[in-house]
Amino acid sequence: MSLPPVLISEEAIRDRVAELGAQLSADYADKGNLVMIGVLKGSFIFLADLARRMSIPRTIEFIAVSSYGRGSKSTGAVRLVMDVRGNIEGRHVLIVEDIVDTGHTLKYLIGVLEAHRPASIRTCALLHKAESAEVDVDIDYVGFGIADEWVVGYGLDYAERDRTLPYIGIVTPDDR
Ligand code: 5GP
């Protein structure tokens, strides 16, 4: 089995994550302790790297939603598997997602987190498939825009495969 072809290299990811970290640190400089909420499982590597590239007080939380499994498209039906555990009421919140495709998941997550009554909610996604948008949802911080292809690595999987690849690769039809 060959490795997936490179779409975004390890170096390009590192540089962009550093830029996002600096931008977030500037934007939230005077806002107190930021709650960064990683969406499991795909965002765990991005969140770990991003959080370590920031210079402001920050807290890490996780939330988990059902994914739509083996390489298929979102139906729009998203289910909450694990809510945040810490109290985020009155706090500034940043949702950290691996990838936004149709936008259904992010829209659903914003609704779930709004119920916790945070001071604000912003969104950050490493990858955005802009052509695939089905719902209108704001992504405040985007790492890279990509075309509508199934990508793996840097936290993203294909049926649990390739999650720990150090780069973002493309799953070719032969690999499916
Ligand atoms: P949406 O609800 O925006 O359609 O989908 C968001 C979720 O779908 C992501 O959090 C991710 O779990 C999954 N997803 C969408 N596109 C891809 C992709 O190209 N690769 C992987 N590994 N997951 C994807």
Side-chain angles (χ1 to χ4, degrees), residues 8 12-69 74-130 132-146 151 153-157 163-164 168:
I8 306 170
I13 296 170
R14 195 187 311 122
D15 291 351
R16 187 70 188 117
V17 170
E19 282 174 9
L20 287 172
Q23 195 186 339
L24 286 162
S25 299
D27 292 357
Y28 285 94
D30 52 2
K31 294 215 167 93
N33 194 312
L34 174 67
V35 189
M36 303 175 73
I37 304 182
V39 186
L40 293 173
K41 300 178 197 173
S43 77
F44 82 112
I45 293 177
F46 177 42
L47 176 67
D49 284 350
L50 183 63
R52 289 179 297 169
R53 289 298 200 151
M54 291 169 62
S55 53
I56 52 165
R58 53 215 183 274
T59 304
I60 308 299
E61 289 283 339
F62 288 101
I63 196 164
V65 288
S66 60
S67 73
Y68 44 89
S74 175
T75 57
V78 185
R79 193 170 55 87
L80 187 65
V81 173
M82 185 190 84
D83 204 344
V84 284
R85 292 168 74 176
N87 183 6
I88 62 167
E89 187 172 340
R91 310 268 309 268
H92 291 287
V93 159
L94 181 72
I95 301 175
V96 180
E97 256 285 30
D98 50 359
I99 185 164
V100 176
D101 185 358
T102 62
H104 288 293
T105 305
L106 193 56
K107 187 160 187 134
Y108 173 81
L109 282 167
I110 291 169
V112 168
L113 292 171
E114 272 171 350
H116 291 272
R117 304 202 302 154
S120 71
I121 301 179
R122 283 192 194 164
T123 55
C124 175
L126 179 67
L127 306 172
H128 183 210
K129 293 183 187 172
S132 314
E134 285 178 10
V135 293
D136 196 18
V137 60
D138 285 337
I139 314 173
D140 300 293
Y141 302 90
V142 177
F144 303 90
I146 64 167
V151 291
Y154 201 68
L156 292 131
D157 74 312
R163 229 186 248 293
T164 55
I168 300 288

Between the CD1 atom in Ile99 and the OG atom in Ser43, the distance rounded to the nearest 0.5 Å is 12.5 Å
For Leu34 and His92 the tightest heavy-atom approach is CD1-O, 3.4 Å
Distance from Asp98 atom CG to Lys41 atom NZ, nearest 0.5 Å? 12.0 Å
For Leu47 and Phe62, what are the C-alpha separation, side-chain angles and deciding distance, and is it a side chain to side chain contact (heavy atoms under 4.5 Å, CB included)? CA-CA 10 Å; Leu47 176 67; Phe62 288 101; 3.5 Å; yes
Spacing of CE belonging to Met54 relative to CG belonging to Leu20, to within rounding of 0.5 Å: 10.0 Å
Can you tell me how far the OG1 atom of Thr105 sits from the CZ atom of Arg79, to the nearest 0.5 Å? 12.5 Å
Quick one: side-chain hydrogen bond (donor to acceptor under 3.5 Å, both in side chains) partners of Thr164, sequence neighbours excluded? none
Check for me whether Arg58 meets the cation-pi criterion with Tyr28, that is, NZ or CZ under 6.0 Å from the six-membered ring centre and within 45 degrees of the ring axis. no
Could I get the full list of salt bridge (charged side-chain N to carboxylate O under 4.0 Å, His left out) partners for Arg53, not counting sequence neighbours? none
Worked verdict on Tyr154 versus Ile45 for side chain to side chain contact (heavy atoms under 4.5 Å, CB included): CA-CA 6 Å; Tyr154 201 68; Ile45 293 177; 3.5 Å; yes
Set of residues satisfying salt bridge (charged side-chain N to carboxylate O under 4.0 Å, His left out) with respect to Lys31, sequence neighbours excluded: none
Excluding sequence neighbours, so at least two apart, what forms salt bridge (charged side-chain N to carboxylate O under 4.0 Å, His left out) with Glu114? none
Which heavy atom of Ile95 sits nearest to which heavy atom of Ile121, and what is that distance? CD1-CG2, 3.8 Å
Show your reasoning for whether side chain to side chain contact (heavy atoms under 4.5 Å, CB included) applies to Asp140 and Asp27. CA-CA 11 Å; Asp140 300 293; Asp27 292 357; over 6 Å; no
Looking at Ser25 and Ser55, what are the two nearest heavy atoms and their distance? OG-N, 3.0 Å
Holding to side-chain contact (heavy atoms from CB on, under 4.5 Å), I want the full list of residues that pass it with Val84, two or more places apart in sequence or in another chain. Ile37, Glu61, Ile63, Ile88, Leu113, His116
My understanding is that only one of Val81, Val39, Leu40 makes a side chain to side chain contact (heavy atoms under 4.5 Å, CB included) with Val65; could you say which? Val39
Quick one: does Leu50's side chain get under 4.5 Å of Cys124's, heavy atoms only? yes
Between Glu97 and Ile139, is there a side-chain heavy-atom distance shorter than 4.5 Å? no
What's the verdict on side chain to side chain contact (heavy atoms under 4.5 Å, CB included) for Ile13 and Phe46, showing C-alpha distance, side-chain angles and the deciding distance? CA-CA 9 Å; Ile13 296 170; Phe46 177 42; over 6 Å; no
Could I get the full list of side-chain contact (heavy atoms from CB on, under 4.5 Å) partners for Asp15, not counting sequence neighbours? none
Roughly how far, to the nearest 0.5 Å, is the CD1 atom of Ile8 from the CG atom of Leu126? 6.5 Å
Taking every non-hydrogen atom, the tightest pair across Val93 and Pro118: CG2-CB, 3.8 Å
Is any side-chain heavy atom of Tyr141 closer than 4.5 Å to one of Leu94? yes
Side chains of Val137 and Thr123: does their closest heavy-atom pair fall under 4.5 Å? no
